[in-house]
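Below is one structure, written out as structure tokens; comments come after it.
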Amino acid sequence: MNKSFYLETFGCQMNVVDSEKIVALLGEIDYQQVDQPEQADLLLLNTCAVRDKAVRKAYGHLGRFKPLKDRNPQLIVGMGGCIAQQEGEQLLEQFPYLDLVFGTHNVHRLPEMVQQVAENRVRCKETEFLDRETRLQLFPTRTGQEAFTRFVTIMQGCDNYCSYCVVPYVRGREISRPSHEILDEIHELAGQGVREITLIGQNVNSYGTKDDTEVGFVELLEQVNAVEGIDRIRFTTSHPKDISPELIDCFGRLEKLCRHLHLPVQSGADTILRAMNRGYTREHYLGLIDRLRAVCPDIRLTSDIIVGFPGETEADFAETFSLLEHVRYSELYTFIYSPRRGTAAADIADDTLTAAKKARFDRMLLLQQDICQQVWEQDVGTVQEILVEGTSKLGEGQLFGRNTWNRIVNFSGDESLAGTLVSVKITRSFRNSHLGELVQSAS
Ligand code: SAH
Ligand code: SF4
């Protein structure tokens, strides 16, 4: 008889892709995915450790599984992802109802672990980091889900050691996947009807520079640009210290590359950037923005900011504030600094009061809300090319898709347009999406 599993995913694109692998792998041992934990034989959390809030959320969700396990002792409860990697064995001690813990390098072991728990009622943990060769062999495995946009992993891990960040400790050393495998996967996805690819990794700009891969990131982009059937390319995340002039030029010459770049700055103050170990200055960063806008005048930029890094003064924060006013990001992801055990910044004295950090954060949100509104309002009245992703939640006959700047656009149209590029006139702009009217089908 088929068994079922319930899976919740937290965190970044890397976890989203790992969860897709989990779905595929569990399918191979006849476990079907269900929407409600109450219906499942196996409950899984794929967790994020990047900030304390994400950690608390994961523990909160784990706690909700306890009464289910109390009622049904046969139920299997597992935790994977970055918290599992960081905490390992200790999780089994802390949560008696947890049966298995699998780390970021051990997703492929999950079927075997689940079977072991189910058959022998043992508890198990796998959090070893794998060596480079073994990891490289484990990149593929996808589900056959129908979608028109997909993430494709091009590298894993991170060697940057930004002083606040736990990622290098929970994801391991940076490795790049061979380009022929990436291209094979993209060809296959194109054959399944996928039209937009987002190349993902913690630091995609350094693709191929530390490994024996035969190409660098610019060449990889050129090769993906040549894949028939793929209409749009995005990539994330970029690190400002590794963005080359050649990569910037791609925004002016690769016709499939979307005119959007997520380029996290983290802070606008040089003293803080140095303390964060980011490897660039404010001036260097602003120079990149100028060059990007010179080769692609209507490019839109998005970013991440950390407020309240240890030692950040009001003057430092003012530098971040003025950088935001200058760059005018179309979207901004803002975080209050969250100390992470084991990172270099965790040892830096931090005498800024939480209330002061919160006040800076709120000021920044207000400024950015204003900027976002102004940036997106400009679109009203323009006709944009939209890749239709499917039917929208807004109601019958409503479709949604995205423009080149990754903004969601809702409009009326026939379901058969899903997976095509259409022209839509933008009629209204809301906080998180646009509303528009179909002008014509472009392809
Ligand atoms: N590799 C990506 C993603 C890193 S995590 C990158 O380099 O951009 C995503 C974002 O979380 C980071 O850009 C940073 O803004 C934020 N972040 C990471 N660690 C943090 C911490 N300890 N406290 C607050 N925000 C953090
Ligand atoms: Fe973390 Fe920095 Fe690596 Fe991004 S580049 S994952 S912020 S260490």
Side-chain angles (χ1 to χ4, degrees), residues 10-18 47-57 81-83 85-86 104 151 153-176 198-207 209-210 217 234-243 260-269 272-280 285 288 301-312 317 320 323-324 329 331-348 350 352 354 357-358 360-361 364-365 368:
F10 302 89
C12 68
Q13 299 90 341
M14 309 309 284
N15 270 9
V16 171
V17 169
D18 281 349
T47 61
C48 169
V50 84
R51 283 172 295 276
D52 189 50
K53 207 167 158 184
V55 174
R56 274 186 282 134
K57 200 163 158 190
C82 296
I83 300 178
Q85 186 62 48
Q86 197 170 37
T104 57
F151 292 140
T153 309
I154 65 164
M155 59 203 301
Q156 288 180 343
C158 182
D159 286 346
N160 285 320
Y161 294 94
C162 300
S163 63
Y164 51 81
C165 185
V166 78
V167 170
Y169 304 94
V170 292
R171 288 268 163 192
R173 299 305 302 256
E174 182 177 302
I175 57 166
S176 296
T198 304
L199 305 174
I200 63 163
Q202 297 295 349
N203 180 17
V204 290
N205 306 150
S206 71
Y207 174 81
T209 53
K210 293 171 190 165
F217 189 53
R234 305 181 189 276
F235 56 84
T236 198
T237 303
S238 288
H239 196 304
K241 80 174 165 51
D242 293 318
I243 243 195
H260 164 230
L261 179 64
H262 183 61
L263 194 60
V265 67
Q266 312 297 356
S267 167
I272 299 300
L273 289 172
R274 210 173 309 121
M276 287 178 165
N277 191 30
R278 286 293 285 177
Y280 55 86
Y285 184 88
L288 295 174
L301 299 145
T302 55
S303 195
D304 294 346
I305 299 278
I306 298 177
V307 181
F309 186 81
E312 183 190 72
F317 176 69
T320 300
L323 184 135
L324 299 183
Y329 294 109
E331 213 57 72
L332 190 67
Y333 305 89
T334 47
F335 311 104
I336 292 184
Y337 170 71
S338 168
R340 303 285 74 206
R341 197 180 69 228
T343 61
D347 298 330
I348 307 176
D350 186 3
T352 311
T354 307
K357 295 186 179 190
K358 181 77 176 48
R360 288 175 199 167
F361 184 81
M364 190 167 65
L365 277 194
Q368 188 57 38

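First listed ligand is number 1; within each ligand, the first listed atom is number 1.
By heavy-atom distance, the residue among M276, H262, H239, R51 lying nearest atom 11 (O) of ligand 1 is R51. Taking all heavy atoms of D242, N160, N205, T237 into account, the minimum distance to atom 5 (S) of ligand 2 is reached by N160. By heavy-atom distance, the residue among Q202, Q266, R340 lying nearest atom 4 (C) of ligand 1 is Q202.
Using 4.0 Å as the threshold, V50 has a heavy atom nearer than that to some atom of ligand 1. Residue contact check for ligand 1: I336 places a non-hydrogen atom closer than 4.0 Å to it. Taking 4.0 Å as the cut-off, Q266 does not count as a neighbour of ligand 2 on heavy-atom distance.
The protein atom (non-hydrogen) at minimum distance from atom 23 (N) of ligand 1 is S338 N, 3.0 Å. Among all protein heavy atoms, the one lying closest to atom 8 (S) of ligand 2 is C162 N, 3.4 Å. Atom 4 (Fe) of ligand 2 has Q202 O, 4.3 Å as its closest protein atom, hydrogens excluded (heavy atom only). Closest protein heavy atom to atom 1 (Fe) of ligand 2: C165 SG, 2.3 Å. The nearest protein atom to atom 7 (S) of ligand 2, hydrogens excluded, is given as Y164 OH, 3.4 Å; this is a heavy-atom distance. In terms of protein heavy atoms, atom 13 (O) of ligand 1 is closest to D304 OD2, 2.6 Å.
Checking only distances, T237 never comes within under 3.5 Å of ligand 1, N or O to N or O. Considering backbone and side-chain N/O of N203, none are found under 3.5 Å from N/O of ligand 1. Not a single N or O atom of R278, backbone or side chain, sits closer than 3.5 Å to an N or O atom of ligand 1.
Taking the six-membered ring for Trp and the full ring otherwise, F217 and F235 have centroids separated by under 6.0 Å. In this structure, the ring of Y161 has its center less than 6.0 angstrom from the ring center of Y169.
Atom NZ of K241 is separated from atom OG of S206 by 6.5 Å, given to the nearest 0.5 angstrom. Annotation: the span from R278 atom CZ to N160 atom CG amounts to 7.5 Å, rounded to 0.5 Å. Atom CD1 in I305 sits 8.5 Å away from atom OG1 in T334 (nearest 0.5 Å). Atom CG of L365 is separated from atom CG of L332 by 8.5 Å, given to the nearest 0.5 angstrom.
At a 4.0 Å heavy-atom cut-off, ligand 2 does not touch N203 at all. Residue-level proximity to ligand 1 for P264 is carried by the side chain, the only part with a heavy atom below 4.0 angstrom. Contacts between Y161 and ligand 2 below 4.0 angstrom, taking non-hydrogen atoms only, involve the backbone exclusively. Under 4.0 angstrom from ligand 1, the non-hydrogen atoms of Y164 come from both its backbone and its side chain.
For ligand 2 and P168, the ligand atoms under 4.0 Å from any heavy atom of the residue are 8 (S). For ligand 2, the atoms lying closer than 4.0 Å to a non-hydrogen atom of R278 are 2 (Fe), 7 (S). Close approach of ligand 2 to C158 is summarised as follows: ligand atoms under 4.0 Å from at least one heavy atom of the residue are 3 (Fe), 5 (S), 6 (S), 8 (S). Listed by number with element, the atoms of ligand 2 under 4.0 Å from a non-hydrogen atom of H239 are 5 (S). Of all atoms in ligand 1, numbered sequentially from 1 with element shown, those under 4.0 Å from a heavy atom of Y337 are 23 (N), 24 (C).
In this structure, the side chains of I306 and M276 come closer than 4.5 Å at one or more pairs of heavy atoms. Counting heavy atoms from C-beta on, the side chains of R171 and C82 come closer than 4.5 Å. Counting heavy atoms from C-beta on, the side chains of T352 and E312 never come closer than 4.5 Å. Looking at Q202 and H239, their side chains never come closer than 4.5 Å, going by heavy atoms from C-beta outward.
Screening T237, T236, D304 for a side-chain hydrogen bond (donor to acceptor under 3.5 Å, both in side chains) with H262, the sole residue that qualifies is D304.
Open room surrounds NZ on K57; 12 or fewer heavy atoms of other groups in view lie less than 6.0 Å from it.
Between the side chains of N205 and S238, at least one donor N or O lies within less than 3.5 Å of an accepting N or O.
Looking at Y337, its side chain never comes within 3.5 Å of a backbone N or O of K357 through a donor-acceptor pair.
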